[in-house]
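A short write-up of the structure that comes next.
Quick note: numbers below take in every heavy atom, side chains included, and nothing from hydrogens, waters or symmetry partners.
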Amino acid sequence: MTANKHFLQFKDFTREEFDYLFERTRWIKDKYKRYEPYHPLFDRTLVMIFEKASTRTRLSFEAGMHQLGGSAIYLNTRDSQLGRGEPVEDAAQVISRMSDVVMIRTFEQDIIERFAANSRVPVINGLTNEYHPCQILADIFTFIEHRGPIQGKTVAWVGDSNNMCNTWLQAAEVLDFNVHVSTPPGYEVEPERAGLYGTDHFEQFADPLEACKGAHLVTTDVWTSMGFEAENEERMKAFADWCVDAEMMSVAAPDAVFMHCLPAHRGEEVTAEVIDGPQSVVWDEAENRLHAQKALMEYLVLGRVEPK
């Protein structure tokens, strides 16, 4: 059992653990595609706590837990005592005594860290302002599906240095690939974050076209993340030249793929030509949230499972 193992940041797992998860994801997805039931989490309960709105996170976790034979309970902080000032620590004590695994989608990373410190069961980061490890888990699995191992490859991140960017930087350190980051002036990766991840796998570019040169994967996100809506007008102006377009994809590697965690705004952070084009794998990427998170929940609740 791995009852006290949490997935709060990408760096919480080792490369060996990720290799195991990617293989389990492949195996679980294959069974799903062949309509073969697989219920390793029968009679287990996932509690999903949402402070930030969601489509893919709720759907993938809720459907995934049902497909593994368990049950999923949705809690919104607006409709629970968490929204009325109950201490996170107290909520963690209670919720973790009535469930087997908890997923939280919230604002500050500190909230989920405090919850996990007081939880008797595994806690999963469904998204915070700082990190989005489940999305990058699915993204890297998607790359492996389409192009093979990511080790030694180059990922170009174009846009805001947000939670997705931070998590790509952590993943590069763990899995030994490179990240080229290009952001508008004033939106660069924070120096302390860059220092945290080291410099061997990370390089910043003022010109997004330069960042994309030779990249095996080009990826982006919305320019205004949840919680930063007040900056929207200012960001629209600042990011105008950071729209991933056909020219950027043309300088990437010939077999480069494009990813976006969605929802996307065509004509802002990416052109319709790119996201709907032949190099885009965004729909596989979105579906793989389901399969990667099933493998993750299986691992956190049961530990390593031998293939059957």
key: Any donor-acceptor pair under 3.5 Å from Tyr20 side chain to Val305 backbone   = yes
query = Is the shortest distance from a Lys or Arg side-chain nitrogen in Arg114 or Asp110 to a carboxylate oxygen in the other one below 4.0 Å?
reply = yes
key: Verify same cluster id: Ile104, Leu59 (apolar side-chain graph, 4.5 Å)   = no
message = Between Thr220 and Glu269, do the side chains contain a donor N or O and an acceptor N or O under 3.5 Å apart?
response = no
inquiry  = Has Lys5 got a side-chain atom pairing as donor or acceptor with Phe13's backbone, closer than 3.5 angstrom?
reply    = no
message = Hydrophobic clustering (ILVMFWY, side-chain heavy atoms < 4.5 Å, transitive) - are Val181 and Phe10 grouped together?
response = yes
request  = Can you establish whether the number of heavy atoms outside Glu36 located under 6.0 Å from its atom CD is more than 12?
outcome  = yes
task = Take atom NZ of Lys31 as the centre, draw a 6.0 Å sphere, and report whether it contains more than 12 heavy atoms from other residues, nucleotides or ligands.
result = yes
inquiry  = For residues Tyr32 and Trp27: do they belong to one hydrophobic cluster (side chain heavy atoms under 4.5 Å, members Ile, Leu, Val, Met, Phe, Trp, Tyr)?
reply    = no
ask   = So, for Asp100 and Asp43, which heavy atoms are closest and what is the spacing to 0.1 Å?
value = OD2-O, 4.3 Å
ask   = Does the Thr183 side chain pair with the main chain of Glu188, one donor and one acceptor, at a distance under 3.5 Å?
value = yes
message = Tell me whether Ser96 contacts the main-chain N or O of Ala92 through its side chain, where contact means a donor paired with an acceptor under 3.5 Å.
response = yes
task = Test the Arg24-Tyr299 pair against the cation-pi criterion, namely NZ or CZ under 6.0 angstrom from the six-membered ring centroid and within 45° of the ring axis.
result = no
task = Decide whether Asn163 and Gln135 meet the rule of one side-chain donor and one side-chain acceptor closer than 3.5 Å.
result = no
Donor-acceptor side-chain pairing of Asp255 and His216 below 3.5 angstrom = no
key: Gln109 side chain to Thr128 side chain, donor-acceptor N/O pair below 3.5 angstrom   = yes
ask   = With under 30° as parallel and over 60° as perpendicular, where do the rings of His180 and Phe205 fit, or are they tilted in between?
value = tilted
